Amino acid sequence: MDDDVRNKLLTDADRVGVMADEAGEAALYSVTTAGAVLDDLENAHARALWMFQYDPAGFSHAEEVRYADDKRFGRLWEGFVLQRDCSVAREGAALQAFQQAIAARFDSRNVHVEICDRARPVLGGDDTALVQVAIYREGRAGDIREFVDGRLDRRPWRPVIEAALTYEPENGTVEVVAPVAETREELVRLFATHLLGSLFVGDRLRVRQYSLERLREPFAFPSDPEDGIEAVRVGQLRLMPYGSQGERITLECRRGSDRSIWQMAEERLRDQGQRFENYLLVQAQFTITFRGTPGRRGRRTLPVRISMPKGCDLKDRTERERLVGEKYLRRWGLLRDL
């Protein structure tokens, strides 16, 4: 088999495999109109493969959705509020002007833009309709190392830099994911000007802020029976001494220990002549166990890590993540909106 063909097959297989987990399925369903067809297939890998074979454009859009949702509320994310109920231009002079403006602003020789309709599930309500804009621009020239006929060499290379915007017409919310903070507001400004035909005033979307003070002492993590949460176990706490930002203490209580993390923390700190009150909680890791459901083998677990003040690896992509992120983190006093 020709090496190029082999590499193409391996790349395609990797793309399908990446989209065959729970988060990948959520992205596929968010863009497809063939949900009933996917429902009839035997597993997640079959659904991802069907989309790849029979709806390649939809599969690519789902990859873009996953990129945006993976980075949502993370360090690459910002949110803004624009005019409501605008139509997003998708072709013609407006799209061409948008691409030209990005090329001029970022000194890129090539720019490619993909626009699609998608949905974002909302716990306890109808899905939210969004328009997603994926932006690919060519970066500055550089070089990378590679082996050529067994010898180390360099070849010229221009990276492709990806960014994503989502617009929610119902409330005017625009969320942007881009690797460089200074570019995010400019991308939203160009989007508003060329694709929405709207003014950009720079209003920021309120952001989530986390608080770990509730975890200074044993906590029961109450839940509703119908949500299927069986247990919540805190396995790790990271502490920072007040007045010393350069130091951290990590306390870890692994599964199988006969003590809780709080019992261990009290004993270990007491042995060092310290008290919990002398430290700021800066990170916590806990695992949520869900009861088994018919048709699925065994119980399912969801690990969650929260870092002060805005970090959380829960991305609200799957049904369980949305349940925890939109309902229980607030109920448990670990999350508030600013």
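Just so you know, these numbers use all the heavy atoms, side chains as well, and skip hydrogens, waters and symmetry mates. Computed from a predicted model, the values in this text were never measured in an experiment.
- Proximity of Leu212 to Met308: side-chain heavy atoms (C-beta onward) are separated by under 4.5 Å at one or more points.
- Geometric assessment of Arg300 against the ring of Phe290 yields a negative cation-pi assignment under the 6.0 Å and 45° thresholds.
- Under the 4.5 Å side-chain heavy-atom criterion for ILVMFWY residues, no single connected hydrophobic cluster contains both Tyr136 and Val176.
- No more than 12 heavy-atom neighbours from other residues, nucleotides or ligands sit within 6.0 angstrom of CG on Leu199.
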- Residue pair Gln274, Arg270: steps toward the side-chain contact (heavy atoms from CB on, under 4.5 Å) verdict: CA-CA 5 Å; Gln274 298 288 334; Arg270 186 175 62 240; over 6 Å; no
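- Every pair passing ring pair (Phe, Tyr, Trp, His ring centres under 6.0 Å) that includes a residue from residues 4-58 is listed here, sequence neighbours excluded: Trp50-Tyr54, Phe52-Phe59.
- Applying the salt bridge (charged side-chain N to carboxylate O under 4.0 Å, His left out) test to every pair with at least one member in residues 31-52, sequence neighbours left out, gives these pairs: Glu25-Arg47.
- Hydrophobic clustering of Ile, Leu, Val, Met, Phe, Trp and Tyr side chains at less than 4.5 Å, counting indirect connections, unites Ile306 with Val324.
- Pairs engaging residues 224-235 under the salt bridge (charged side-chain N to carboxylate O under 4.0 Å, His left out) rule: Asp224-Lys327, Asp224-Arg331, Asp227-Lys327, Glu230-Arg299 [sequence neighbours left out].
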- Carefully, step by step, assess Leu196 and Val88 under the rule side-chain contact (heavy atoms from CB on, under 4.5 Å). CA-CA 5 Å; Leu196 290 189; Val88 179; 3.7 Å; yes
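- Side-chain contact check for Leu314 versus Leu329: some heavy-atom pair is nearer than 4.5 Å.
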- Query: Taking it one step at a time, do Arg137 and Asn110 satisfy side-chain contact (heavy atoms from CB on, under 4.5 Å)?
  - Reply: CA-CA 6 Å; Arg137 61 181 176 87; Asn110 295 291; over 6 Å; no
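- Pairs passing the salt bridge (charged side-chain N to carboxylate O under 4.0 Å, His left out) check and including a residue from residues 67-85, sequence neighbours excluded, read Arg66-Asp70, Asp69-Arg118, Asp69-Arg120, Asp70-Arg317, Arg72-Glu175, Glu78-Arg184, Glu78-Arg204.
- No close placement of the Phe191 and Phe200 rings is indicated, their centers lying 6.0 Å or farther apart.
- Separation of atoms CG (Asp143) and CH2 (Trp157) is listed at 10.0 Å; rounding is to 0.5 Å.
- Within the 3.5 Å criterion, the main-chain N or O of Ile288 finds no donor-acceptor partner in the side chain of Thr301.
- By the 4.5 Å heavy-atom criterion applied to side chains, Tyr279 and Leu269 are counted as neighbours.
- Side-chain contact between Arg15 and Ser60 is present, with heavy atoms from C-beta onward closer than 4.5 Å.
- Minimum heavy-atom separation, Ile161 to Gly139: CD1-CA, 3.9 Å.
- Side-chain atoms of Glu114 and His112 form a donor-acceptor pair, as typed in the model, at a separation below 3.5 Å.
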- Query: Run the side-chain hydrogen bond (donor to acceptor under 3.5 Å, both in side chains) check on Thr166 and Gln132 step by step: do they pass?
  - Reply: CA-CA 4 Å; Thr166 61; Gln132 177 153 316; 5.7 Å; no
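- Within a 6.0 Å sphere centred on CD of Glu186, heavy atoms belonging to other residues, nucleotides or ligands number more than 12.
- In this structure, Glu91 places its CD atom where only 12 or fewer heavy-atom neighbours from other residues, nucleotides or ligands lie under 6.0 Å away.
- Looking at heavy atoms from C-beta onward, Met264 lies out of side-chain contact with Glu267 at the 4.5 angstrom threshold.
- Residues Glu162 and Tyr67 have side chains in contact (heavy-atom distance under 4.5 Å, counting atoms from C-beta outward).
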Distance-only check: which donor-acceptor pairs under 3.5 Å involve side-chain atoms of residues 235-243, not counting sequence neighbours?
{"unit_1": "Gln236", "atom_1": "OE1", "unit_2": "Gln285", "atom_2": "NE2", "d": "2.9"}
{"unit_1": "Arg238", "atom_1": "NE", "unit_2": "Thr250", "atom_2": "OG1", "d": "3.2"}
{"unit_1": "Tyr242", "atom_1": "OH", "unit_2": "Arg216", "atom_2": "NH2", "d": "3.2"}

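- Residue-environment remark: CG (Asn43) exceeds the threshold of 12 foreign heavy atoms within 6.0 Å.
- Within a 6.0 Å sphere centred on CD of Glu277, other residues, nucleotides and ligands contribute more than 12 heavy atoms.
- Proximity of Leu251 to Phe276: side-chain heavy atoms (C-beta onward) are nowhere separated by under 4.5 Å.
- Residue pairs meeting the salt bridge (charged side-chain N to carboxylate O under 4.0 Å, His left out) criterion with at least one partner in residues 94-106, sequence neighbours excluded, do not occur; the list is empty.
- Following chains of ILVMFWY side-chain contacts shorter than 4.5 Å, one can reach Leu82 starting from Ile115, so the two form part of one hydrophobic cluster.
- We find the CZ-CG distance between Phe80 and Leu205 to be 9.5 Å, quoted to the nearest 0.5 Å.
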